[in-house]
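What follows is one structure encoded as structure tokens, with my remarks underneath.
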Amino acid sequence: MKKIKFLALLMLVGLVSVSCNDILDDNVNPDRAHAIEAKDGLPVIIYYAQQIVYDHSEYYAYFSQMLTTGGKSSVGAYSYKCEWEMLTMNRHPMWRRHFYDIGKNTVNLVNNSKAINSPNYELIGRTIMLMSTQLTTDAFGDMPRSEAYQSIAPTYDTQASVYAWMMQECDDLIAMYEDPEIINNPDNQPLTAKEDRVYGGDLEKWKGLVYAVKARLLLRNIPNVDRSPAMCQKIIAAADAAINQWRKGDVFDYQGGRDAWFGNEPRYYWDGGTGTQNAVWSVAQPVINSWESRGNLLGSAIPSKFFMVDLMGISKPDNEMTCGMFNAEGAHDGFANDPRCGLLMIARTGPASASVTSERIKMRYLENNIGMGTSYKIANYPNLYMGAYAGAADAYNPIFTMEELYFIKAEAEYWLGNKTEACALAKEATQWNIQRHLAAFLRLYPNENYNESTDNKYPGNSVAGGKPGYQPAEYWFAQVTAFLDNEDYFRGTSSKPAVDKVTNRGNKHWFFNPSEFTLSDLMQQKYIAMYLQPEQWTDMRRYHYSNNRNHYGIGDNQEIVYPTLRRPYNLYAAYWIDGLTEEQKENTWLQRINYDPETEEKYNRQELERLGAYKNYKWLQVPMIWAHEYGEVTSLTQEN
């Protein structure tokens, strides 16, 4: 049966089971879209909404220099992880996800929704399509939109016209969500968690996602297009609207147990089981129909030096023998200044150093694409199947996070000159980001030797075998306070701190000093909070990969945003090294993804040639409309 593959997907993700003829068009051609009737289409489109967030995030974790691999390839099958050759890759799954799995199916869903006079389907489908369009244009730039489903070789719309459509679509959808004749339409078919795992069909909660996407879109004006006070106020208003919308009413939670601070941020939960019944970031590494997506491969990923040393503040960074040990700085200081280090990964056993074979449990890391050498194995590096997203088969993938909204507000406040308010927002978002991942740890790893008197259920030093260890609440909360407030913790009458403040250890930096809060503090903390989320790379591009090597200063004060960031080692020389001066190299970064070779180069080569994008590595270096030099582009929605 030609359609059995997609029916299997429906069963695996626990959705409604129907006959093949109800679900799909011919699935022989891998470049052809799936078509779904309205009654069955919504759960599939919602599933793909989280999947496209994953598709982008899986690439961007490497583009943003957060993760690397153990190799040092100059040409690899997954070049987004290493050398940025890109043009010989087979497929970019997020392209198909948008145009086929979400786009075509949403077109069918909307048409069928109108045919049965049940506009609730249309609203949710168009909301997902809006977000998917934003993710797609911010990855690829110009893209088919107005003619997308009229031929197999549509004209590409400019990125400005796509942004104009998205901004108008935000306003149109908000108006529809606020129209009682639509919301209260008696013909709206009832929706439950069976059809909508995110919100159970609650349109008020879906409206919050429109506001959130609008806030994200408006933020694209900063810092290169429009950083005026009026624009900053618009950004804050949109973020507030989303926050308030998600804080309204009861929390819809598929599994239950989420903290109230997160409100109704959209989360897609899995039940666990086999294949795509498992969380997309989990150790199960689910893949759709063997080729329609990529497994996460976190099992072979390694955290970067930039992420671990410069941002997390790993212990004793200048001591090769003790760096990354839990007690390297002090008995109770932990692996790093940032307590999330022990929540997002588990330290493993391996050689004490490249030249000392005696084993120690450490949080290890690598420079990007430099290679781990012969002394180490992947098994010596941290286990990344931890945290709220990757820690379990029944975890969740957030479609948009509350922390991002707070950081959007914080950035706008910063550019308004309200640095103290920006610091407070960033600090609150960080505090709850810690709590997000702590809640997952406490759920997944209960201490078998729990002692009520010490409350020793919190993440501590790892133990042999790559398992998490535990420590009493006293020290855990002291570590969190040291990170957030830069305070020493003294035990009893001792004059020596039991937990040192962060300015005395690790990277010796306090990110939340209200009197000295910088743009770098803000954006680096957002970077960590956006762990396995797509905004990491977008932010870096907006801020021109600003670092101490390219000397790209931002704003009137010429602030450096990511001081210690550097390009990966062993980049593909023909694209990123040859013929460039040292200064040019440092300012030449990946700015976009090439169009999907398996569809666009087959069916729409003429458009790629018109754009100058056909098999052209220099296209990868062209900034997005929102990442040009300040003043070069004066509007996101008008041709410049």
Side-chain angles (χ1 to χ4, degrees), residues 53 56-68 138 216 219-220 222-223 301-314 336-341 343-345 365 367-368 384 387-390 398 400-412 414-415 422-423 425-434 436-437 483-484 502 506-507 509-512 517-550 552 554 559-568 589-590 626-627:
V53 171
H56 287 272
S57 302
E58 199 268 331
Y59 270 53
Y60 300 175
Y62 298 90
F63 286 165
S64 67
Q65 309 303 287
M66 184 180 74
L67 299 180
T68 186
D138 285 344
R216 186 187 276 174
L219 187 68
R220 299 293 187 264
I222 296 176
I302 297 171
S304 71
K305 180 183 177 184
F306 173 67
F307 184 49
M308 298 289 274
V309 175
D310 305 321
L311 301 192
M312 287 284 191
I314 204 77
N337 289 5
D338 192 327
R340 285 172 290 190
C341 186
L343 294 172
L344 299 177
M345 57 195 82
Y365 50 83
E367 294 269 22
N368 292 84
L384 298 179
Y389 318 141
F400 206 111
T401 70
M402 187 66 77
E403 293 98 306
E404 182 180 340
L405 290 171
Y406 271 67
F407 276 106
I408 287 173
K409 280 188 65 177
E411 193 175 341
Y414 190 93
W415 283 96
C423 180
L425 287 164
K427 183 177 177 180
E428 182 177 351
T430 301
Q431 176 185 348
W432 284 100
N433 189 246
I434 295 170
R436 178 193 293 275
H437 296 293
F483 174 63
L484 294 175
V502 293
N507 57 19
H509 184 71
W510 180 29
F511 284 96
F512 305 103
F517 191 65
T518 66
L519 185 61
S520 176
D521 292 331
L522 170 60
M523 297 311 299
Q524 290 188 111
Q525 283 305 304
K526 183 182 179 185
Y527 178 104
I528 300 171
M530 294 296 99
Y531 181 78
L532 302 182
Q533 290 291 293
E535 282 298 277
Q536 263 190 347
W537 185 46
T538 302
D539 289 339
M540 279 195 157
R541 290 178 291 160
R542 282 196 298 123
Y543 282 101
H544 304 274
Y545 295 93
S546 167
N547 64 73
N548 288 336
R549 300 169 72 92
N550 66 13
Y552 199 108
I554 302 294
E559 294 187 65
I560 299 297
V561 181
Y562 307 100
T564 57
L565 179 70
R566 59 162 297 150
R567 298 200 315 167
W589 289 78
L590 187 69
W626 34 259

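N433 and T430 form no side-chain donor-acceptor contact under 3.5 Å, judged by distance and modelled atom types alone. Checking N507 against N337 by side-chain atom types alone, a donor-acceptor pair falls below 3.5 Å.
Across all non-hydrogen atoms, the minimal contact from A422 to Y414 is CB-N, 3.9 Å. A410 and L522 get closest at one heavy-atom pair: CB-CD1, 3.6 Å. Between Y562 and M523, the shortest heavy-atom distance links the atoms OH-CB, 4.0 Å. Contact detail for P303 and M345: the closest heavy-atom pair is CG-SD, 4.1 Å. Of all heavy-atom pairs between G387 and H437, the closest is CA-ND1, 3.7 Å. Here the shortest heavy-atom pairing between F483 and D338 reads CZ-OD2, 3.4 Å.
Within the 4.5 Å cutoff, the side chain of L344 has no heavy atoms near those of the L384 side chain. Looking only at side-chain heavy atoms (C-beta outward), F63 and Q536 stay at 4.5 Å or farther from each other. Put simply, the side chain of I314 reaches to within 4.5 Å of the side chain of Y365, judged on heavy atoms. Looking only at side-chain heavy atoms (C-beta outward), L565 and M540 come within less than 4.5 Å of each other. Inter-residue side-chain proximity for Q524 and P563 is flagged as met; some heavy-atom pair is nearer than 4.5 Å. Using a 4.5 Å heavy-atom cutoff, the side chains of M66 and Y62 are not in contact. Residues I302 and L67 are not in side-chain contact: their nearest non-hydrogen atoms beyond the backbone lie 4.5 Å or more apart.
No side-chain donor-acceptor contact under 3.5 Å links T564 to the backbone of D310. In terms of modelled atom types and a separation under 3.5 Å, the side chain of S520 and the main chain of V561 share a donor-acceptor contact. With S304 contributing its side chain and N368 its backbone, the two residues share no donor-acceptor pair below 3.5 Å. W510 contributes a side-chain N or O that, together with a main-chain N or O of L484, makes up a donor-acceptor pair within less than 3.5 Å. Counting only distance, with no hydrogens or angles, the side chain of N550 and the backbone of Y545 share a donor-acceptor pair below 3.5 Å.
The salt bridge (charged side-chain N to carboxylate O under 4.0 Å, His left out) search around E58 returns K81, not counting sequence neighbours. Here F517 pairs with nothing under the ring pair (Phe, Tyr, Trp, His ring centres under 6.0 Å) rule; sequence neighbours left out. Under the side-chain contact (heavy atoms from CB on, under 4.5 Å) criterion, H56 pairs with I52, Y60, M94, L135, A139, P534, not counting sequence neighbours. Qualifying side-chain contact (heavy atoms from CB on, under 4.5 Å) partners for T401, counting only residues two or more places apart in sequence or in other chains: E265, Y389, P398, E403, E404, R436, M530, Q533. In this view, D539 and K526, R542 satisfy the salt bridge (charged side-chain N to carboxylate O under 4.0 Å, His left out) rule, not counting sequence neighbours. In this structure F511 satisfies the ring pair (Phe, Tyr, Trp, His ring centres under 6.0 Å) test together with H509, sequence neighbours excluded.
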Full working for side chain to side chain contact (heavy atoms under 4.5 Å, CB included) between E367 and R566: CA-CA 9 Å; E367 294 269 22; R566 59 162 297 150; 3.9 Å; yes

Derivation of the side chain to side chain contact (heavy atoms under 4.5 Å, CB included) call for Q65 and F307: CA-CA 8 Å; Q65 309 303 287; F307 184 49; over 6 Å; no

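Ring-centre distance between Y527 and F306: below the 6.0 Å cut-off. Residues Y552 and Y543 place their aromatic rings such that the two centres sit no closer than 6.0 Å.
Summarising the geometry, atom OG1 belonging to T518 is positioned 11.0 Å from atom CD1 belonging to I560; distances are rounded to the nearest 0.5 Å. Residue W537 holds its CH2 atom at 10.0 Å from OG of S64, rounded to the nearest 0.5 Å. One distance of note links CD of Q525 with CD1 of I528; it measures 4.5 Å at 0.5 Å rounding.
A salt bridge links D138 and R220; the closest N-O separation between the charged side-chain nitrogens and carboxylate oxygens is under 4.0 Å.
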